[in-house]
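Some notes on the structure that comes next.
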Amino acid sequence: MKAIVIDDSRAIRILLKRILVAQGFEVFEAGDGRQAIDELEKTGCIDLALVDWNMPVMTGYEFIVEIRARAEFAAMSIMMVTTESETSQVQLALDAGANEYIMKPFTDDVLKEKLMLLGLSQD
Amino acid sequence: MAVNGLTEADVVFLRELVLRRSAIVIDESKDYLIETRLEKLARDLNYANLGTLVADVRRDSGTITRQLIEALTTHETLFFRDVRPFDALKREILPPMIAARQASRQLTIWSAACSTGQEIFSVAMLLREQFPEVVNWPVRLYATDISGQVIERAAQGRFQQLEVNRGLPAAMLVKYFERDGVDWKIKDDIRRMVRFEQLNLLHNWPADLRPDIVLLRNVLIYFSVATKKELLTRVRHVLRPGGALMLGSAETTLGIDDSWERAPDSVTPWYRLPRSGP
């Protein structure tokens, strides 16, 4: 399975990548939504994108809107991983096409449990 | 050797106390649980170390002892834990059961060791999402736990952010919860579906308890074989005909109470009594 971690914080990318690698994923990284789209145009549709909300250049929300408008990425699961924790924000992300949502801070187990919900867990 | 003021003799004493009061076996591989759980209690009660806490417990059979038992016997939980048991409820157990109960319109689901309520609230949300036809049935969701503190919390239906992050689909979070300060509260119409009560499973059960589904997940692992056998026998006697028993993924009735049969071809192990139609 392949995933892309999209976050402007290198520390968060390292953290998420570590958990995903342990779950058997090959992991790509991007520092904002635009970089992620550039990367995905090279890789093609992959299994999962973990995306932060607030990033420079292109936000996670804008990334979801753009990706969901492109049929070739329809099969990719998108999980928002963000400090935004208002009900309205969660709803907005889901309406835009996010499949799941994690509010920071989180633990390894939180991510693993969400992967299980998406049918992407090896456990 | 003393750890954080706790001696080997203290650990043995605590194991025996928990066994005597709750029939829960804490084997040596779980000794770390004693330390980690009691550290929080010692801090909350302003004890300098675990040794002084246990010394007081040795002298007291009341409040501190009760708090200590509760600290040692509450277990992890999360929404839709393990996912597959809820798939089994949705696809295999509830559809024929609901069809068979169209006339009586009665359905009772018992979460026997409910901890802070995530399991039974998951069932409540599942019913709302997948079985709207039972909305007007007098569905009885009954949830019990040995710990009074835990039951009190569960009945409030209030969860920390980390708790709603765990296992709960985001779509259900926005539909069934509302923000309450830094916490999240399950909406009243879901909360009111559940009746919470403190219950030690080894004591008497309510006389009118006749569940269709018993969730006894990750409970038996803490008991001796004799206690497991006793519990499975008692569940067998109260379960309605056609009912279902769900255990944790590491638990089985096999070799303990062979009156049960495992449902064939299920996505997850669940158990029923043979020759009893729905």
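Every chain is numbered from 1 and lettered A, B, ... according to where its sequence line falls, protein lines coming before strand lines.
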For [Y], does its backbone N or O pair with a side-chain atom of [X] as donor and acceptor, under 3.5 Å?
X        : Y        : result
A/Lys114 : B/Leu168 : yes
B/Asn165 : A/Ile102 : no
B/Gln161 : A/Lys104 : yes
A/Glu100 : B/Ala170 : yes

Practice item. Go through B/Leu162 and A/Met103 one step at a time and tell me if the side chain to side chain contact (heavy atoms under 4.5 Å, CB included) criterion holds. Key: CA-CA 8 Å; B/Leu162 182 61; A/Met103 294 173 282; over 6 Å; no
Exercise for review: Compare all side-chain heavy atoms of B/Arg166 with those of A/Asp109 and state whether any distance is below 4.5 angstrom.
Suggested key: yes
Check your understanding: So what's closer than 4.5 Å to chain A heavy atoms on B/Leu173: side chain, backbone, both or neither?
Key -> side chain
Practice item. Give a yes or no on whether B/Lys185 atom NZ has more than 12 heavy-atom contacts from other residues, nucleotides or ligands under 6.0 Å away. Key: yes
Check your understanding: Heavy-atom count around B/Gln198 CD within 6.0 Å, excluding the residue itself: above 12?
Key -> yes
Study note, to complete from the structure: Scored by heavy-atom pairs under 4.5 Å with chain A, the best of B/Phe79, B/Trp184, B/Phe177 is B/Trp184
Study note, to complete from the structure: Bottom line for A/Leu94: the part with an atom under 4.5 Å from chain B's heavy atoms is side chain
